[in-house]
Amino acid sequence: MSKVRVRFAPSPTGFLHLGGARTALFNWAFARKHEGVFVLRIEDTDVVRSTEESVDVILESLEWLGLFWDEGPKVGGEYGPYFQSERLHLYRQYAEKLVQEGLAYFCYCTPQELEERRQATLAAGKSWRYDRKCYLLTPREREKLENAGRKPVIRFAIPPGHTTFQDMLRGEVSFENQELDDFVIMKSDGIPTYNFACVVDDALMQITHVIRGDDHISNTPRQVLLYKALGFPCPQFAHIPMILGKDRTRLSKRHGSPSVTYYRDQGYLPEAMLNYLARLSWATGEEEKEIFTREEIIARFSLDQVTKHAAVFDLDKLNWMNGVYLRQASNASLASLLEEILVRNGKVRREDLTPSFRAYCEQVVAIMKDRLRYVAQLVEEGEYFFSEDFPFDEEAVRGVLFEEGTGEILRASLVRLQKVDDFTVPLLEEAIREEANRLGVKAARLIHPLRVAVSGKRVGPGLFELLAVLGKGRVLFRIERALRMLEERSSG
Ligand code: GLU
């Protein structure tokens, strides 16, 4: 096999969604496995919808996932440029070649004329396909239209017959050519359409395998015909299944965000995301094994094992998997992620990120890691770590704090904790257990209201760990505040 060259070819019209990321991942893994080349090409021919921000987000998302490309934006390469907007001369050149060879032709029909004919055909009960009106124009007729100021598009003349290709996942796929229209390859403004630009680029960039979403499968016969017409060898195709939401509709916001950067910003770990995406549609043959390192993905990846049916995005599973990776991550790295999220959410100012705040974040992470699915959860559900103004669960207040006798218990705990100089887990535990003995109650009778007082919640990390991390100042202040809440209640 000649050297494997694959590409990921996003259109920069928005963020990188999970489906795109997985397409990139399969291409990357295939290239790495076969010691080939992974090309990144930006398909920015949609001038209206393509934006630079979107290019940046796509590059950032790929870099975050560690899907580094060997050729493309930033890194360059022998087959550049890698932005389609910088390759317009090439498309023009190849389109003209097709016209000269009679394989493509200028079409002067206006959208309005096309629409009128389409309507008339449909009204006659027939299905509409471009009627080749301009196929047989004489040079004189063309000249007349040109002189009238009409700017032509270039259409590809679909030959008769049928088109077949071997899909690496689905086997033989066949289309009747008459189903395909004489589609436009160059628009009147000199911009190529997707199918044409894609073929010219894949051919010139010597792509050996086109691995892409199966939403493109109906484009492939058109592309195969173009390869033939242009005299280029056809690459191999592998159309990978879509990622759907749990209700089997197209992945959208309703299923959890479809954008890669959302997960980055929520404090998911890139290795976890990569692992999760890899397992979507990839039956590894070891069904028990879920956790795959980057190296394992590369070593084991095979297109033969990619399933044909759509994959279902399961946020719970991603959360579980991310939890596994979070527990393996160092507290320092998680603390740094946490700080970024706090700053981004306006919970902490960047200038307040001191070494002691970092140390505090590390402690928070250390006691919360086991119950964490993603780091931003600490901001969403752990306000009590970072602010005195945290919410109290109504049910916890009613059921635990306002329980008969809690006032005395909290007051006694306060007095006892005031005497603990060093808020370490063993000393705190000893103090609370002794106080429980003295009061003749179970330790839990102290632990539950203390937890609500310092965190507003019924559940959370171990209480002694929590008190130790929050520190004496915060803890005493919060117990006093809870006592005031109790007093206000009994006086009000
Ligand atoms: N720009 C196309 C897309 O984003 C590329 C499809 C392909 O890989 O051929 O869907």
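Side chains are part of it too, since the values below use all heavy atoms of this structure and drop only hydrogens, waters and symmetry mates. Ligands are counted one by one from 1 in listed order, and the atoms in each one are counted from 1 as well. Numbers here are sequence positions counted from 1.
Applying the salt bridge (charged side-chain N to carboxylate O under 4.0 Å, His left out) test between D131 and each of K126, R117, R155, R118 identifies R117 as the sole match.
Taking a cutoff of 4.0 Å between a charged side-chain nitrogen and a carboxylate oxygen, E179 and R222 do not qualify as a salt bridge. Of the charged side-chain nitrogens involved, none lies within less than 4.0 Å of a carboxylate oxygen, so that R294 and E271 do not count as a salt-bridged pair. At a threshold of 4.0 Å, the pair D214-R170 counts as salt-bridged, since one of the basic side-chain nitrogens sits closer than that to a carboxylate oxygen.
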>> Apply salt bridge (charged side-chain N to carboxylate O under 4.0 Å, His left out) to residues R129 and D182 and explain how you reach the verdict.
In response: CA-CA 8 Å; R129 229 166 276 126; D182 278 2; over 6 Å; no
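With a 4.5 Å cut-off on side-chain heavy atoms, L334 and L269 count as touching.
Each of R7, A9, P10, S11, E43, Y194, C198, R212, H216 has a non-hydrogen atom positioned under 4.0 Å from some atom of ligand 1.
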